[in-house]
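Scope of the values below: all heavy atoms of this structure, side chains included, with no hydrogens, waters or symmetry mates.
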Amino acid sequence: MRNFLRSTFIATILLTASLAFAQTGGWPRQGTITGEDLTIRARPGLHYERIGSFQKGEQVTVVSQDDTWYEVRLPQRLEAYVTADSVDEKGEVLRESCPLYCGPGIVFTAFSKVKRGTVLTIVPSDVADWRKVKVPAEATAWVNGAFVKLEGAPEVEPAKPELSTEDVITARNALEKKAEEEKARAEAAAEAARVSAEKRAAEEKRLAEETAKVQEVEANAKLAEQKRQAIEAQIAQEAERALAAAKLIDEAKAKREAIEAQVKEELAKAEAALQAAKEAAAKREEAEKLAQAEKEKSEAAAKAAKTAEEQRLADELKAKEEAEKAEAAAKAAKTAEEQRLADEQKAKAEAEKAEAAAKAAKTAEEQRIADEQKAKAEAELAEAAAKSAKLAAEKRAEEEKLAAEAAVAAKLAAEKRAADEKLAEDAAKAAKLAAEKREADEKLAAEAAKAAKTAEEQRLADEQKAKEEAEKAEAAAKAAKLAAEKREADEKLAAEAEKAAKLAATQRIVGEFVAQKSAEKKLAEEQKAAEETAKKLAEEKKAAEEKKLAEEKKAAEKKAAEEKKLAEEKKKAEEKKLAEEKKKAAEKKAAEEKKLAEEKQKAEEKKVAEQKTLVIPVAKPEPKKPEFPSFKGWLGALPQKTPYATHVLYDTSTRKPICYLQGHLIDLSEWEKTLVEVSGPIQTPKNWTLPRLVVTGIVKQ
C-alpha cells in the first residue's frame, strides 16, 4: 500500500512540474494530443461520463486548467442532449442558458452551456422529451493534461523527490476521500434507477386499469349485441304481421263468399294450430333456458378471467403464469360464447319454424282480418320497430367503435411504457459506463458492473413482457374485428333466409285465402274479438318479459358490485401484506448494513490507531459556529445505505430529491414514508449532486 501511495504521489508531482509552465501562460493556448485514444470527460475527474475521444497527434485549443486537467474546445463531430422545451423545431435555443447533457436525463452530467439564439443541429432520435444535437463550436469539456503537450512548454526531466510522512498521509487521505465520493455517486445513480423503476411500476398499473376498461367495454358490447338480437327477432315478427295484414286487406273482399260448411273445419284446424303453437312456445322457452345457462357459463368464465387478471396485478412474480390462466379462461369464455350464439341461432330457427307452423294453423284467424285501420296500426308499429332496430344498430356500432378506441389506447399505453423502459435502459447503461471507468477502485467497479448487468437483464425481461402484452392487445383487437365481420355475415344470411321464408308464407297464404272466401263474412266479428284478446295477451307477455329482464339486469349489477367490492378488499389486504414484508426486509437490510458500517468504522479506527506514529500533529483551526437549517419534505430510504447517507428527503409537490440524510442519534427508519421537517448541520461534498444533512432534529408534519 505504501509503495502504491508513493508511486501515485510521485506521478502527481511530475505532472504538476510539467504543467508549471502552462500555469504561468495566458489562455487560450494550442496543444497536441500525445496519448492514444485520449478520453474526453464531462468534468475534470475520472468518475465523470465519457463524451468522446481525441486521437494521437490531433490539435486542440486549451481554454483553462483545473489542477491536472485541461478544458478544451470540442470537435463538432460529438453529440450531446438538451431538453425538448429548450429548443424549437429548427434547433434555435429558447432559454437564456441551455445546458448540454451527456445523456437523455438529468441524472447525466451537464458539461457545457449555450446562449439564447444559438442554432443547434438536431440529430434524429427516438427519446421522448429530449433532443440529440451536435455540440456547438463554443462547447468545452476536459481531458487529462498529462497527455496534452502545449506549444512552447519545456521538456521536464522526471524528478525523484523524497516523500515525507506527512505527504504520504495526505496522499492516502486524498485517495480515500476520492473513493468515498465515487461510492456516493454510485449510490445516487442507484437512487435514480429506483425512481425510474417506480415510474415504470406506476405505468404498468395504469396500463392494467386501461385493460380493465377495455374488458368492460367488450362486456357492454356483448350486452348490446344480445339486445340487438332480441329487437331483430321482434322486428321480424312485426314485419311478418304487417305483410300478412297488407295481403289480407287487398283480398278481403274476395274472401267474403266462403262456404259456411268450412267454418267448423277451420275452427278445428285453428284449435289444433293453437295447440301446436303452445308446444312451439314451450320448446322456445326451453331453448331460451339453455341459452341462459350458456350465458351464465360465459359470465362465470369472464369472471374467472377477471379474477386471474387482478391476481396478476397483485403478484408480479407470478405474472406469466397468471396471464396464461387468464388467456385460457378467455379462450374458454370465447368458446362458450360461440356455443351460446350457435344455440341461440338454433333456438331462433326452431322458434321461426314453430311460428311458421303457428301461422299456418292460424290461417283461419288471419283470414278474418278485414279492418283496414288495424292493418294501418300494425304497419305503423312495424315502422316504429324498424326505427328502434336502426337505433340499436347505431348504438352497437358506436359501442364497437369505443371498444376499438380502447384497444388503440391500450396499445399506445404499451408503447409509452416501452419508451419509459428505454429511458431506464439508457440510465442503466450510463451507470454501467460510469462503473466501468472507475479506475481508482477495481473492486467497486466490478460490483457496479455486476449490478448494471442485473439491471440490463431485468430491462430485457420487462421489454419482453411489454411486447407480449402489446401483442396480446393487438390479437384481442383482431379477434374483435373478426367477430364483428362474422356477425355481419350471419346477419346477412339471416336476412336472406327471412326474406325467403316471407315469400313462401305469402304464397301459402294466397292459396289458402282463395279456398276460404265465404268464411270471412261470418267470422269477422269473432275474429275481431279474438284479435283483441290476442293483443291483450301479447302486451301482458311483453310487459312480463320486460319486467323479468329488468330484474335480471338489476340482480346482475348487484352481483357485479359485490364481486368488485370483494376484489378491492382482497387487493388491499394483499397490498398491505406486501408492504409489511417489504418493510421487514428493509429493516433487516438496514440492520445488516449498519452492522457492516460499524465493523468497517472499527477497522478504520484500528488502522488509524496503528498509524498514529506516522501522523504529524497539525494545529487545528478554530471550529465555526454550527448552523442548523431545516427542510420539509417526504422522507424515503436509499436502496443501498452507507455510513455517509442512509435516507433522502423529497419535495412534497414535485417528488424531486432535496438532500441526502444521515441520522445523528436518531433512527430515521421509523420516519420513512412520512412528511417531516428535519434540521441539522448540512454539507456539500465534492462531486455530490445533492447536499448531505446530519439530522439532529425531526418533527412530523
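- With contacts defined as side-chain heavy-atom distances shorter than 4.5 Å, the pair Val87/Val133 does not qualify.
- Within the model, atoms NE2 of His47 and OG1 of Thr109 stand 8.0 Å from one another, a figure rounded to the nearest 0.5 Å.
- Interatomic distance, CD of Glu677 versus OG of Ser630, reported as 4.5 Å (0.5 Å rounding).
- In terms of heavy-atom proximity, Ile658 sits nearest to Lys632 at CD1-O, 3.7 Å.
- Between Arg131 and Leu120 there is no side-chain heavy-atom pair separated by less than 4.5 Å.
- Closest non-hydrogen pair, Val148 versus Gly31, comes out as CG1-CA, 4.4 Å.
- Side-chain atoms of Arg29 come within 3.5 Å of backbone atoms of Glu151 as a donor-acceptor pair (strictly under, hydrogens ignored).
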**OP:** Take Lys582 and Glu672 through the salt bridge (charged side-chain N to carboxylate O under 4.0 Å, His left out) test and state the conclusion after the steps.
**Re:** CA-CA 12 Å; Lys582 186 176 180 182; Glu672 290 178 1; over 6 Å; no
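- For Tyr660 and Trp688, the distance between ring centers is under 6.0 angstrom.
- In this structure, Arg43 contributes its side chain and Tyr48 its backbone to no donor-acceptor pair below 3.5 Å.
- Note that CG of Leu150 is 5.5 Å distant from CH2 of Trp27, once rounded to the nearest 0.5 Å.
- One finds the CZ atom of Arg41 at 10.0 Å from the CD1 atom of Ile51 (value rounded to the nearest 0.5 Å).
- When only modelled atom types and interatomic distance are considered, Glu58 and Thr32 share no side-chain donor-acceptor pair under 3.5 Å.
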Subject >> Derivation of the side-chain contact (heavy atoms from CB on, under 4.5 Å) call for Phe111 and Glu49 >> reply: CA-CA 9 Å; Phe111 60 87; Glu49 293 95 326; over 6 Å; no
**OP:** Give the intermediate values and the outcome of side-chain contact (heavy atoms from CB on, under 4.5 Å) for residues Arg73 and Val63.
**Re:** CA-CA 7 Å; Arg73 296 196 185 281; Val63 298; 3.9 Å; yes
Original post:
Given the rule in the side-chain contact (heavy atoms from CB on, under 4.5 Å) test, do Ile122 and Glu89 qualify, once you have shown the distances and angles that lead to the verdict?
Top reply: CA-CA 9 Å; Ile122 298 178; Glu89 296 179 354; over 6 Å; no
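- The nearest pair of heavy atoms linking Glu71 to Thr140 is OE2-OG1, 2.6 Å.
- Distance check: Ile40 CD1 to Cys102 SG gives 11.0 Å after rounding to the nearest 0.5 Å.
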**OP:** Give the C-alpha distance, both sets of side-chain angles, the deciding distance and a yes or no for side-chain contact (heavy atoms from CB on, under 4.5 Å) between Arg692 and Val694.
**Re:** CA-CA 7 Å; Arg692 180 174 70 97; Val694 179; 4.0 Å; yes
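- Contact of the Trp69 side chain with the Leu46 side chain is registered, since non-hydrogen atoms from C-beta on lie closer than 4.5 Å.
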**OP:** Kindly determine whether Gln662 and Thr646 satisfy side chain to side chain donor-acceptor pair (under 3.5 Å), including the steps that lead there.
**Re:** CA-CA 6 Å; Gln662 180 184 20; Thr646 59; over 6 Å; no
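- Here the NZ atom belonging to Lys115 is positioned 13.5 Å from the SG atom belonging to Cys98, to the nearest 0.5 angstrom.
- Judged purely by atom type and a 3.5 angstrom limit, Thr34 uses its side chain to pair as donor or acceptor with the backbone of Phe147.
- Between Glu79 and Lys134, at least one side-chain N (NZ, or NE/NH1/NH2) sits under 4.0 Å from a carboxylate O, which counts as a salt bridge.
- The residue from Val678, Leu693, Leu635, Leu638 that alone fulfils the side-chain contact (heavy atoms from CB on, under 4.5 Å) condition with His647 is Leu635.
- Residue Tyr101 comes nearest to Ile106 through the heavy atom pair CE2-CA, 4.3 Å, listed as atom of the first residue, atom of the second, then distance.
- Pairing each heavy atom of Arg50 with each of Asp37, the nearest pair is NH2-OD1, 3.7 Å.
- Of all non-hydrogen atoms in Asn144 and Thr68, the two that sit nearest each other are OD1-O, 3.7 Å.
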